[in-house]
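Atom set for the values below is all heavy atoms of this structure, side chains included, hydrogens, waters and symmetry mates excluded.
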Amino acid sequence: MSTRSILVADELDKTDEQSKKRSAMVQRLGSDLSVLLECPTDLVFVHRLNEILGKKILNGDNRKKIIDSDRQKYATVLRNFQRPGELFLKLGWPIEEIVKLVTKEHRFEGLVLGTRSLQGVERFFLGSVAEEVVRSIKRPTFILGPGAQKEDFNLSEHKKRHFLVVTDLTKKCRAVETYAVSLAQKTGASVTFYYSLAETLSTAQQFAYASGEALSTFDSIFEDMKNEALTSMTKKIDRLKKKGLDCKFHIEAEKSDLIEAALSYASDNTQLIFMGHQSHGFIASTVLGSNLRGMIAKAKVPVVVVRS
């Protein structure tokens with residue numbers, strides 16, 4: 001049996017209907033992934049506790065009482081998993097405790113969690129547990145955003161699986177490409193590598209306008225970039241096909257809105273969308289920047305985030 005496991009981070013103490021639905025979907029996704037990967041599903045719940053207040057009023061015995069109470073209350077949740085693993089119960093701030101657990105325990109294949117939009121896409125992901133955890137851990141993170149929750153996403157409904165990997169064709173996306181390929185090989189999924197040439201060119205034009213550079217040469221630049229992307233993608237696909245992977249690529253040259261174009265292309269044939277981000281700095285200024293934030297908010301499927 002695999003020594004790896006899937007870790008599900010869940011807010012088990014939430015009682016409103018939206019939170020309960022999100023909890024059930026997060027648990028279901030973790031369970032489905034564990035079946036595909038033939039590994040257990042572990043569960044972590046963090047009993048929120050203000051650090052300063054906790055130190056003043058809780059001694060070791062009182063902390064143990066809270067943990068024991070939580071264990072009696074939530075131990076049965078493991079029965080929701082097809083391959084139940086271990087229940088981790090923590091006291092403190094969720095971000096800190098989840099990051100410490102994932103950093104300490106090296107067996108986790110990935111982390112599964114849900115998140116919600118805060119007053120629209122503009123503020124989505126800001127200040128949330130999901131954002132801080134993604135920025136701080138090195139393991140892939142499967143995030144169920146509000147779009148996927150609204151669609152009641154169910155991975156097990158799809159017998160033939162397909163992954164969409166959004167890449168900028170630079171070394172910053174090598175980690176997410178590598179993980180997506182690895183997961184596809186383990187689960188028998190097909191893969192499409194998606195590159196937005198239109199967005200790249202639009203960004204270059206904005207820099208040119210800002211710097212006062214002439215735009216007369218952009219047509220030739222566009223053709224050069226298109227040819228380079230085509231060459232890079234072709235080599236990548238040929239190499240992976242030789243290894244037995246069912247894969248293809250798509251270069252978007254017309255629509256510059258990455259999120260809308262990628263989601264339109266993905267349609268109903270995609271079950272997971274993979275995106276990468278740099279391992280430093282605030283997530284809104286990373287390689288995929290606000291696109292990552294928007295993709296998680298709008299995608300009807302989970303988004304898998306992998307650090308570069």
Side-chain angles (χ1 to χ4, degrees), residues 120-122 124 145-148 151 161-174 176-177 180-181 184 189-241 245-278 283-306 308:
V121 176
E122 298 81 14
F124 174 76
E151 293 295 318
R161 288 166 291 277
H162 180 258
F163 302 160
L164 184 72
V165 183
V166 180
T167 178
D168 64 2
L169 298 180
T170 70
K171 63 181 181 180
K172 297 172 183 177
C173 284
R174 287 177 186 168
V176 68
E177 291 179 11
V181 168
S190 58
V191 178
T192 296
F193 293 90
Y194 183 96
Y195 171 60
S196 178
L197 176 62
E199 190 202 38
T200 302
L201 189 64
S202 175
T203 302
Q205 287 177 321
Q206 292 176 19
F207 278 111
Y209 280 126
S211 62
E213 293 290 333
L215 301 179
S216 58
T217 60
F218 257 79
D219 286 343
S220 62
I221 292 175
F222 179 84
E223 287 303 317
D224 289 343
M225 292 172 61
K226 186 175 182 179
N227 291 333
E228 289 174 0
L230 183 61
T231 299
S232 175
M233 281 289 202
T234 301
K235 289 181 178 179
K236 188 191 304 292
I237 297 303
D238 288 345
R239 183 176 68 253
L240 292 173
K241 282 185 175 180
L245 184 68
D246 181 4
C247 58
K248 61 181 180 179
F249 69 85
H250 176 76
I251 298 175
E252 176 57 56
E254 301 295 332
K255 304 174 183 177
S256 60
D257 188 315
L258 174 64
I259 301 170
E260 296 298 333
L263 291 179
S264 176
Y265 178 81
S267 186
D268 296 327
N269 299 321
T270 299
Q271 285 73 56
L272 293 175
I273 295 176
F274 291 75
M275 297 184 78
H277 78 89
Q278 291 175 313
I283 201 165
S285 63
T286 59
V287 59
L288 295 171
S290 59
N291 285 326
L292 176 57
R293 183 190 312 163
M295 186 69 79
I296 295 171
K298 294 183 178 181
K300 297 180 180 180
V301 300
V303 176
V304 187
V305 184
V306 183
S308 62

Peer 1: Would you indicate whether the side-chain heavy atoms of Val181 and Val165 approach each other to under 4.5 Å?
Peer 2: no
Peer 1: For Phe193, what residues pass the ring pair (Phe, Tyr, Trp, His ring centres under 6.0 Å) criterion, not counting sequence neighbours?
Peer 2: none
Peer 1: With sequence neighbours excluded, tell me which residues meet side chain to side chain donor-acceptor pair (under 3.5 Å) with Thr192.
Peer 2: His162
Peer 1: Kindly state each residue pair satisfying salt bridge (Lys or Arg N to Asp or Glu O under 4.0 Å) with at least one member in residues 261-276, sequence neighbours excluded.
Peer 2: none
Peer 1: Identify each donor-acceptor pair in which a side-chain atom of residues 229-239 lies under 3.5 Å from a protein atom, sequence neighbours left out, and give them as a table.
Peer 2:
residue : atom : partner : partner atom : Å
Thr231  : OG1  : Asn227  : O            : 2.9
Thr234  : OG1  : Leu230  : O            : 2.7
Lys236  : NZ   : Glu177  : OE1          : 2.9

Peer 1: Does any non-hydrogen side-chain atom of Leu169 lie less than 4.5 Å from one of Glu228?
Peer 2: no
Peer 1: Taking C-beta and beyond as the side chain, do Phe163 and Phe274 meet within less than 4.5 Å on heavy atoms?
Peer 2: yes
Peer 1: Answer yes or no: is there a side-chain heavy-atom contact under 4.5 Å between Ile273 and Leu263?
Peer 2: yes
Peer 1: Okay, side chain of Glu252, backbone of Glu254: is any donor-acceptor separation there less than 3.5 Å?
Peer 2: yes
Peer 1: Distance from His277 atom NE2 to Leu292 atom CG, nearest 0.5 Å?
Peer 2: 7.0 Å
Peer 1: CE of Met275 to CG of Asn291: how many Å apart, nearest 0.5 Å?
Peer 2: 5.5 Å
Peer 1: If you measure from OG on Ser190 to NZ on Lys248, what distance do you get to the nearest 0.5 Å?
Peer 2: 7.5 Å
Peer 1: Under the side chain to side chain donor-acceptor pair (under 3.5 Å) rule, collect the residues that match up with Tyr194, sequence neighbours excluded.
Peer 2: none
Peer 1: Report the residues that fulfil side chain to side chain donor-acceptor pair (under 3.5 Å) with Glu260, sequence neighbours left out, ordered by chain and then residue number.
Peer 2: Lys298
Peer 1: Can you tell which of Thr167, Asp168, Thr200 makes a side chain to side chain donor-acceptor pair (under 3.5 Å) with Tyr195?
Peer 2: Thr200
Peer 1: Nearest 0.5 Å please: distance from the CD1 atom of Ile259 over to the OG atom of Ser264.
Peer 2: 13.5 Å
Peer 1: Does a side-chain heavy-atom distance below 4.5 Å link Ser308 with Arg174?
Peer 2: no
